[in-house]
Amino acid sequence: MDYSKQDKFLKLGNYRKYLEVMKITFSNNIVYFWSFLTGNLFFVFIMFVYLMLWTNIYAAGSKTLAGFDLTSMIWYLVVTEIITLSRPNIHVQISNDVKQGDIAYLLNKPYHYITYNLALFVGNFGTKFFVNSLTGLAIGFLFVGQLSHFNGGHLPLIVASILVGCLLNFFIFMCLALTAFWLEENQAFFWIYSKLVFTLGGMLMPIDLFPGWLQQVARYLPFAYVTYVPAKLAVHFDMAAFLREFPIQVGYLAVFAALSYVLYAGGAKALNVNGG
Amino acid sequence: MWAYIQFNMAAHMEYRVSFLLQTLGMALNNSAFIFFWWILFENVSRIGGYGFKDVMVLWSLCSTSFGLAFIVFGNVSQLTRLILAGELDSFLLQPKDVLMNVLCSKSTVSAWGDLAYGVLLFGAIAISQHGLVDIWLYVGLYVVFSLCAALIFTSVLTIVHTLSFYLGDFSAVANLVTEFMITFSIYPDGIFTQWLRSLLYTLLPIGFLVYIPAQALARPSFGSLALVVGACGAWMALAYFAFYRGLKRYESGNLMGVKV
């Protein structure tokens, strides 16, 4: 037996099992495609309210605000909502696994817990992202029409930035969920982080509308790289901005991914589960 | 009702840290929207005829009434489940008003955060707008309007859940109605089109929940107060009628259980 070949196979097998988890989760979700689509009523509703709000704001003042006209503002919000609404609530399960001690039964499984949850995330996210994107496109075209100066050639780079934003969001949630190893109650962290994405992350409005000093602060924080950066690239693509901001996005992703593995390793060592 | 409030409060206090964290977390959660409106009003002076403080009054009324509704009548969101699972049996056997008994038997912890946020926000607005001389009228009106709004909110949700007696699982619609009511309550009515505004004063009574009260707080009038109290009475009567009418169609469950 050629052991180097066997090792190679085992390594491939390692990745393959996560791929299988991903595929199974995706298949499970695709069964509920129509359910997801009808569940998107909230997305349509909240975008309708935003449309009313911003139409009123633009009608009362100038045609553009911080470089955004009504059409680009609505498309910007469509993208931030797609990113936020496509996030599966896997962090809640992770948090509960730790708090309720179920993690003790998951530690000895032949997979890495974090990578396994990443595979679950991708499987779940795939369906949600697809359905939300369809809904978002319909909303954008119906509410404000085509985005002017949009170049389809930039689409792969925009999608790459959106996907990195979603993954970054997942790993930040993962880090917060893993605090359950040390803290009894961590629900408030999820709320606070969500609201930081709402505000400093530019989910509810582009950070270009913020006062200058706050823009400077927000541009350095990771929250803007979850929603603001991909959404701004989607509506006002600029290659120089992409080359400047995409590496920072990937850098933040690497930091939080590494942090989640470190937190898990530390937490699993310190784990003390009672009962049987 | 008072006994239920005391009992639910004692139950929450068993887990004090969790209670405080959830209350503070929810208050902080809501305060993110102050930031949103502050930034918007940095860029424009008025939105739909409202200034920054006017929108904060809407937020305060909505948060206080939503908090009150889910502290006192926390079980309203579970009504469909109780109807479909045949779990109203234990309430039917007790010598108390069934609807009140069902609604009050549970309280939502995070609703305390909504209440705290609403009251604190109102306190800040009241102090910044009024001298200590006429502040009592302002506070009095706020208390009455918040109580009425909590009762209207609960009544509307009760009516929607009551449809489960006839049409099966209506919880998804009830959740959507809850989202509609909260979302419409925190935006100025001036941004909505005429036909939508007429809907907000009839089918979804947001007008009586926050818009009329907000106007009445700015310019106190007996007419507005009477209108809100009258609408509150009408929605409560409708909720009672709908629930007891639907209760006639209730089918008891055969689930065996112990209720302490």
Side-chain angles (χ1 to χ4, degrees), chain A residues 35 38-62 64-68 73 77 99 176 183-215 218 223, chain B residues 15-50 55 109-110 113-114 117 172-173 175-197 200 204 206:
Chain A
S35 167
T38 49
N40 267 3
L41 268 176
F42 178 72
F43 187 10
V44 179
F45 167 63
I46 198 70
M47 285 309 306
F48 173 73
V49 174
Y50 287 156
L51 177 71
M52 297 278 117
L53 176 69
W54 287 101
T55 302
N56 193 280
I57 290 171
Y58 281 108
S62 58
T64 59
L65 279 173
F68 285 79
M73 183 61 79
L77 293 169
K99 278 189 243 174
L176 296 176
L183 299 166
E184 195 183 324
E185 184 56 60
N186 59 357
Q187 182 70 37
F189 292 158
F190 300 141
W191 288 340
I192 293 166
Y193 167 66
S194 300
K195 290 303 168 286
L196 285 170
V197 174
F198 264 42
T199 52
L200 296 174
M203 193 199 120
L204 293 176
M205 71 179 96
I207 61 177
D208 308 71
L209 289 168
F210 294 4
W213 63 271
L214 195 56
Q215 274 189 49
F223 319 114
Chain B
Y15 303 96
R16 260 180 210 147
V17 176
S18 173
F19 173 80
L20 284 173
L21 272 175
Q22 290 206 49
T23 303
L24 287 174
M26 185 50 77
L28 210 63
N29 184 53
N30 292 346
S31 60
F33 289 93
I34 296 182
F35 176 87
F36 170 72
W37 287 105
W38 168 61
I39 297 287
L40 275 187
F41 282 107
E42 283 282 300
N43 288 276
V44 285
S45 55
R46 295 193 79 74
I47 298 171
Y50 284 60
V55 176
V109 182
S110 58
D114 291 310
Y117 173 77
V173 178
N175 290 341
L176 210 58
V177 169
T178 311
E179 293 287 354
F180 281 0
M181 291 186 74
I182 294 171
T183 307
F184 281 127
S185 301
I186 54 178
Y187 287 92
D189 57 341
I191 67 167
F192 300 118
T193 50
Q194 192 57 47
W195 68 268
L196 189 56
R197 245 180 289 173
L200 297 180
L204 279 178
I206 314 295

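Just so we're on the same page: letters track the sequence lines, and every chain starts at 1.
In this structure, chain B has no heavy atom under 4.5 Å from any part of Leu196(A). If you measure heavy-atom distances from Ile46(A) to chain B, the contacts under 4.5 Å come from the side chain alone. Heavy atoms of Thr193(B) lying under 4.5 Å from chain A belong to its backbone as well as its side chain.
The CG atom of Leu209(A) lies 4.5 Å from the CG atom of Asn43(B); values are rounded to the nearest 0.5 Å. For the atom pair CZ of Arg46(B) and CD1 of Ile57(A), the computed distance is 13.5 Å after rounding to the nearest 0.5 Å. The OG1 atom of Thr183(B) sits 12.5 Å away from the CZ atom of Phe48(A) when rounded to the nearest 0.5 Å.
Within the 3.5 Å criterion, the main-chain N or O of Phe192(B) finds no donor-acceptor partner in the side chain of Asn56(A).
If you run side chain to side chain contact (heavy atoms under 4.5 Å, CB included) between Trp54(A) and each of Leu40(B), Ile47(B), Ile191(B), only Leu40(B) comes through.
Residues Thr199(A) and Phe36(B) are not in side-chain contact: their nearest non-hydrogen atoms beyond the backbone lie 4.5 Å or more apart. At a threshold of 4.5 Å between non-hydrogen side-chain atoms, the residues Tyr58(A) and Val44(B) do not count as touching. Side-chain atoms of Phe180(B) and Phe45(A), non-hydrogen and from C-beta on, do get closer than 4.5 Å to each other. The closest side-chain heavy-atom distance from Ile39(B) to Pro211(A) is below 4.5 Å. Between Phe33(B) and Leu204(A), some side-chain heavy-atom pair lies under the 4.5 Å cut-off. Looking at heavy atoms from C-beta onward, Phe35(B) lies in side-chain contact with Phe210(A) at the 4.5 angstrom threshold.
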